[in-house]
Amino acid sequence: MRGAETFFIDLARLIVTWLEKQGMSPLVADIVLLVIQFICIAAIVTVNIIILIWLERKISGFIQQRLGPNRLGPWGIFQTIADAIKLLTKEDIIPSQTDKIIFRTAPIVFIVISLMLYVVIPFGDGMAIVDLNMGVLYFISVGSLGTIALLMAGWGSNNKWSLLGAMRAVAQMISYEIPLAFSLLGVIMIAGSLKMSDIIAAQNNVWFVFLQPVAFITYFIAATAELNRGPFDMPEAEQELTAGAYTEYSGMRWALFFLAEYTNLFAVSAMAAVMFFGGWQGPWLPSWLWLPIKAYIIMLVFFWLKWTLPRIRMDHLMSFSWKVLIPVTLVNLVVTGCVLQFFK
Amino acid sequence: MYQELKERLLKNWDGKIEINEGKDFFEIITQSEILFTLMEFLKKEFGFNYLANLCGVDYGEKFTMVYHVCRIPENLKVCVKADIPRDNPEIDSLTCLWPAADFQEREVYDLMGIVFKGHPDLKRILLPEDFEGHPLRKDYKAV
Amino acid sequence: MIESDFITINVGPQHPSTHGGLHAETVLDGEHIVDVKVHLGYVHRSVEKIAESRTYTQFIPYNSRLDYLATHLPAMGYCQAVEKLLGVTVPERAEYIRVIMAELSRIASHMLFIGSLAIDIGATTGLIYCFRDRERIMDMFEMTSGQRLIASYMRIGGIAEDLPEEFYPAVKSFLDDLPYMLDEYNNLLTGNEILQARLKNTGILPADKAIAYGVSGPNLRASGIAYDIRKAEPYSIYERFDFDVPIGSKGDNWDRFLMRIREIEESAKIIRQALQDLPEGEIRAKVPRIIKPEKGAEVYHRIESSKGELGFYIVSDGSEKPYRLHVRAPSFINLGVLPLISRGGKLQDLIANIATLDPVLGEADR
């Protein structure tokens, strides 16, 4: 049991000691380890996305009384891999009137930003790549950078649908950034730290979802909007904007956006698990299994919402953020502050 | 109701119109010059508020415009017909009386080649703008 | 004050939610609609011209391809128009079967309306549920005519064949399950807060405008005008059935949506009554093999199709082919009101407006 718990940490130590034995200085060994860790993250993310896409298809099939993918492999589990191969071999089409540099870099920027989120996520006990002092702040600020990528995609495509999608994306993501941050502030106030490990440690006795239920709900709603998922999938909105900001993208460039969205989805769900559900804490199983389990359960709710609800209207979306979510989160902050002061 | 309508119509346009009763629709056969005033009269005086249908028929030497006008929800029905000479196929547009005439007149213009005077946007609607000829005319030869 | 430009976008003809080849040239100020222009003709097949070179019988299948979502309704309208022209009386049993088929078509069309509205406003799952249930009607059409979508079952003077034995239990179980299906739609869609917010007070069509623009069918009734040709001018045997004409109050998208759900219930009522009273007997009147109405005869026959007033104006010249055939297509005329109800709304409302007007482009473009 103990071995399973510290398996990855032991592995990392083993690598570092082995590298040092080969005559490397500790600094170089650490850098090599970091590189290995980043590669691992990229691999985890890729495998994770393959599972996620398959899972979403299966779940949407279940909700819609269909079978979902069922041809490739048992339960159609290789469908996503086949799709990935198809997307990789597709012709790379860049429309002639686009702003080439912006058009090409937008998907890369998007995926890089979403990968950067994983740096601070504690996958298990002591298993964050960097346990930053201000991890939550890092997460929020890096997460909001995704707006730029969508704006680049919309503007660079030189297409009116894309531009409309990008306009919506910017308006929506900036508006929902505020309630997202505010709802996390309540948790931070209780934990008294911006460090992920401190926040998890503070949930030893009781999960913050019970202390901060309002904050969790507002976080969840704002996160749905941040992720551009249904019912808030304004920037994409197939039925209105054909594909919004992604209209001109095809093949692997489009797939990068798609991957980035799922990458973000897991990151935001993992963040919810860390902030509200005790992170990697849990009985019996090793800690590095608990966090994915919790994140997957949260993601199931995201899937469920997306495949049930109609898309909200843009102006309702904005007024919901400014007139409902922000006031509610502010009140929540005030109440939390008062209660903390009272029971100190 | 139809009786009163008949009397008023004959009083106003005696000799210019012909009335057929006993059919499914109360039928008025009129001339293209007075069509607009007659239609205006039907709408304003008798409250025929609903232009159900309009279409053109090519009778060789002449075109006939057929209008089916109703008053709803009472369901009073009038059919108005007006002949148009083939060499000068023009008739007043009814768009300002019933906006419903907009699309239908454009369709008749498109397929039959009848020009509606006073129509705000008389363009082809079903066929492409560079299409030649009017297919529903009897002398149209499909290639 | 920031100066901003208008942008013109072409919603369609290749767009996910324009129900076929509809092209709405939209001028936008940000998300606000300044103007909409409807362009049609992308699926124009010149059906009226084709009719002039086909015999009366040969033209029957073309009708099902007009409004392919309610396949029996246009065919029924056409056959009745020709029967009026000939003065043929249709046997009782055929009339009842026609009514059953027509109302099943109406239910199928309205179910598709609900489903396509759901997917147009982003609720993908609603579509699948409605298609699942509509499939049972398609199966019934297949039993009777061998075709699912564009069945040709109506004949001049009656119907093609009598109902097969397996049809009765199928339609009975469908009618029994219908309340549960509607419950499901109501749970998934009607009661949904987001859907209500999107449909209520958008795309308002006042009653006077609706009449002036020639809007008909459920769209007209949503504006509060109780005008249903089945009641106002009963054709076939509709005067024998007891059913209500649901009307809306405001004429917004929400009313137009509710109209469909309530009309499904009313149609089910009619089918139940028709099944109960279904008499035995002939299914086709004696009609000459070659149909030649008298010279100069003409008729304008209209029925209440699922989209509105579907009229057939036929002129005969005494030959076996119609001299002139005009289809008064409700979808075509209903689309004329799209700019009016969309102006001043949002881009997302335009999509909902198109969906609730329920145009079938096969019928609009003919």
At a heavy-atom separation under 4.5 Å, does Ile333(C) approach chain B through its side chain, its backbone, both, or neither?
side chain

Drop me the distance from Phe312(C)'s CZ to Cys79(C)'s SG, to the nearest 0.5 angstrom.
9.0 Å

Are Val80(B) and Leu42(B) close enough that some pair of their side-chain heavy atoms sits under 4.5 Å apart?
yes

Ranking Leu335(C), Leu40(C), Leu220(C) by heavy-atom pairs under 4.5 Å to chain B gives rank one to Leu40(C)

Using heavy-atom distances under 4.5 Å, tell me whether Ala329(C) contacts chain B through its side chain, its backbone, both, or neither.
neither

Could you list every donor-acceptor pair linking chain B to chain C (distance under 3.5 Å, backbone and side chains)?
from, atom 1, to, atom 2, distance (Å)
Asp24(B), OD2, Lys84(C), NZ, 2.8
Tyr50(B), OH, Glu309(C), OE1, 3.0
Tyr50(B), OH, Arg328(C), NH2, 3.1
Ala52(B), O, Arg328(C), NE, 2.5
Ala52(B), O, Arg328(C), NH2, 3.2
Asn53(B), OD1, His326(C), NE2, 3.0
Gly56(B), O, Arg324(C), NE, 2.6
Gly56(B), O, Arg324(C), NH2, 3.1
Asp58(B), O, Tyr323(C), OH, 2.5
Asn75(B), OD1, Tyr227(C), OH, 2.9
Asn75(B), OD1, Arg302(C), NH2, 2.9
Asn75(B), ND2, Ala232(C), O, 3.3
Asn75(B), ND2, Glu233(C), OE1, 3.4
Lys77(B), NZ, Glu233(C), OE2, 3.2
Lys81(B), NZ, Glu298(C), OE1, 2.7
Lys81(B), NZ, Glu298(C), OE2, 2.5
Ala100(B), N, Ala212(C), O, 3.0
Glu107(B), OE1, Arg366(C), NH1, 3.4
Glu107(B), OE1, Arg366(C), NH2, 3.2
Glu107(B), OE2, Arg366(C), NH1, 2.9
Pro135(B), O, Lys49(C), NZ, 2.9
Arg137(B), O, Lys49(C), NZ, 3.3
Lys138(B), NZ, Glu52(C), OE1, 3.1
Lys138(B), NZ, Tyr323(C), O, 2.7

Does a side-chain heavy-atom distance below 4.5 Å link Leu357(C) with Val215(C)?
no

Ile303(C) side chain near Leu73(C) side chain, heavy-atom distance below 4.5 Å:
yes

Before you tell me yes or no, could you show the steps for Val66(B) and Leu54(B) under side-chain contact (heavy atoms from CB on, under 4.5 Å), namely the whole-Å CA-CA distance, both residues' side-chain angles and the distance that decides it to 0.1 Å?
CA-CA 6 Å; Val66(B) 186; Leu54(B) 70 84; over 6 Å; no

With sequence neighbours left out, the residues meeting ring-ring contact (aromatic ring centres under 6.0 Å, His included) with Phe46(B) are Phe41(B)

In terms of heavy-atom proximity below 4.5 Å to chain C, should Cys79(B) be classed as side chain, backbone, both, or neither?
neither

Highest number of heavy-atom pairs under 4.5 Å with chain B: which of Gly311(C), Ala212(C), Gly214(C), Gly41(C)?
Ala212(C)

Answer whether the closest heavy-atom distance between the side chains of Leu111(B) and Leu126(B) falls below 4.5 Å.
yes

Run the side chain to side chain contact (heavy atoms under 4.5 Å, CB included) test against Glu33(B) and tell me which residues pass, sequence neighbours left out.
Gln31(B)

